[in-house]
Amino acid sequence: MLGRDGDHLVLADAYSPGSGLTLVDVTSRTLTAVRVSGKQSDASGVYLVRGTVCFTRDSGGVSAVSPRTGRTLRDSNSSVERPGPPTGSATRVYFRRPLTLVGDALYVPYGDRSVYTVDVRDL
């Protein structure tokens, strides 16, 4: 289970995350299978972030998909290999491991004993 999007629970296959999604209506308990468009077959991780399903690939690629339609909203490559779970602000999604977002402050570990802090409003 990835999480809840409005009145639906969003689920993905744990063994092949890019194969599709299942929505469960929490009121009627009906299931809806959602086919995912695009190149998600090589996804290594899948996450629900602020109402968007994000597929990550070991190569650093990231795809954002609508959980209701399966349509790809964004597809990009990052310089981060094997991106970890994303974190999101009101306007952006960040991929890197590990990150912590508190309010508008993004905390990024740097080296063994340091933490770098970024105000996301300045990005």
Side-chain angles (χ1 to χ4, degrees):
M1 186 168 98
L2 302 178
R4 187 171 178 162
D5 179 38
D7 55 351
H8 288 87
L9 298 178
V10 182
L11 297 94
D13 185 338
Y15 296 103
S16 52
S19 63
L21 302 170
T22 301
L23 301 180
V24 180
D25 186 304
V26 296
T27 305
S28 67
R29 296 189 176 129
T30 57
L31 301 176
T32 304
V34 178
R35 293 188 68 186
V36 176
S37 65
K39 54 180 182 178
Q40 311 317 324
S41 61
D42 61 345
S44 58
V46 59
Y47 309 94
L48 182 65
V49 180
R50 302 180 73 78
T52 301
V53 175
C54 296
F55 292 94
T56 60
R57 296 183 287 282
D58 286 343
S59 64
V62 177
S63 296
V65 173
S66 166
R68 302 289 175 123
T69 65
R71 187 174 57 95
T72 300
L73 304 172
R74 291 177 300 283
D75 190 45
S76 63
N77 289 314
S78 72
S79 60
V80 178
E81 287 186 21
R82 298 184 184 196
T87 187
S89 70
T91 57
R92 290 192 167 90
V93 175
Y94 304 95
F95 293 89
R96 187 177 166 129
R97 189 186 335 214
L99 292 177
T100 303
L101 182 66
V102 179
D104 289 323
L106 184 65
Y107 297 93
V108 183
Y110 180 77
D112 292 331
R113 299 180 187 178
S114 300
V115 176
Y116 184 70
T117 306
V118 178
D119 185 330
V120 296
R121 295 171 294 183
D122 295 335
L123 298 177

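Along the sequence shown, residues are numbered consecutively beginning with 1.
Side-chain atoms of Thr72 come within 3.5 Å of backbone atoms of Ser37 as a donor-acceptor pair (strictly under, hydrogens ignored). Checked by atom type and distance alone, the side chain of Ser44 pairs as donor or acceptor with a backbone atom of Thr56 at under 3.5 Å.
With 3.5 Å as the limit, one finds no donor-acceptor pair spanning the side chains of Thr32 and Arg68.
Val26 and Leu23 are assigned to two separate hydrophobic clusters, defined by single-linkage of ILVMFWY side chains at heavy-atom distances under 4.5 Å. Residues Leu73 and Phe55 are members of separate hydrophobic clusters, defined by side-chain heavy-atom contacts under 4.5 angstrom among Ile, Leu, Val, Met, Phe, Trp and Tyr. By the rule that hydrophobic residues join a cluster once side-chain heavy atoms approach within less than 4.5 Å of another member, Met1 and Val24 end up as members of one cluster. Hydrophobic clustering (ILVMFWY, side-chain heavy atoms < 4.5 Å, transitive): Leu31 and Leu11 are in one cluster.
Among all heavy-atom pairs drawn from Asp5 and Gly51, the shortest one is OD1-CA, 3.8 Å. Listed here is the closest heavy atom pair of Thr52 and Ala64: CG2-CB, 3.6 Å. In this structure, Val36 and Gly20 approach most closely via the heavy-atom pair CG2-CA, 3.6 Å.
Thr30 meets the side chain to side chain donor-acceptor pair (under 3.5 Å) test with Ser28; sequence neighbours excluded.
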Review point. Can you list the steps and then say if Thr69 with Val34 is a side chain to side chain contact (heavy atoms under 4.5 Å, CB included)?
Key: CA-CA 7 Å; Thr69 65; Val34 178; 5.8 Å; no
Practice item. For Leu21 and Leu2, run side chain to side chain contact (heavy atoms under 4.5 Å, CB included): C-alpha distance rounded to whole Å, both residues' side-chain angles, the deciding distance at 0.1 Å, then the answer. Key: CA-CA 10 Å; Leu21 302 170; Leu2 302 178; 4.3 Å; yes
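The CG atom of Leu9 lies 10.5 Å from the CZ atom of Arg29; values are rounded to the nearest 0.5 Å.
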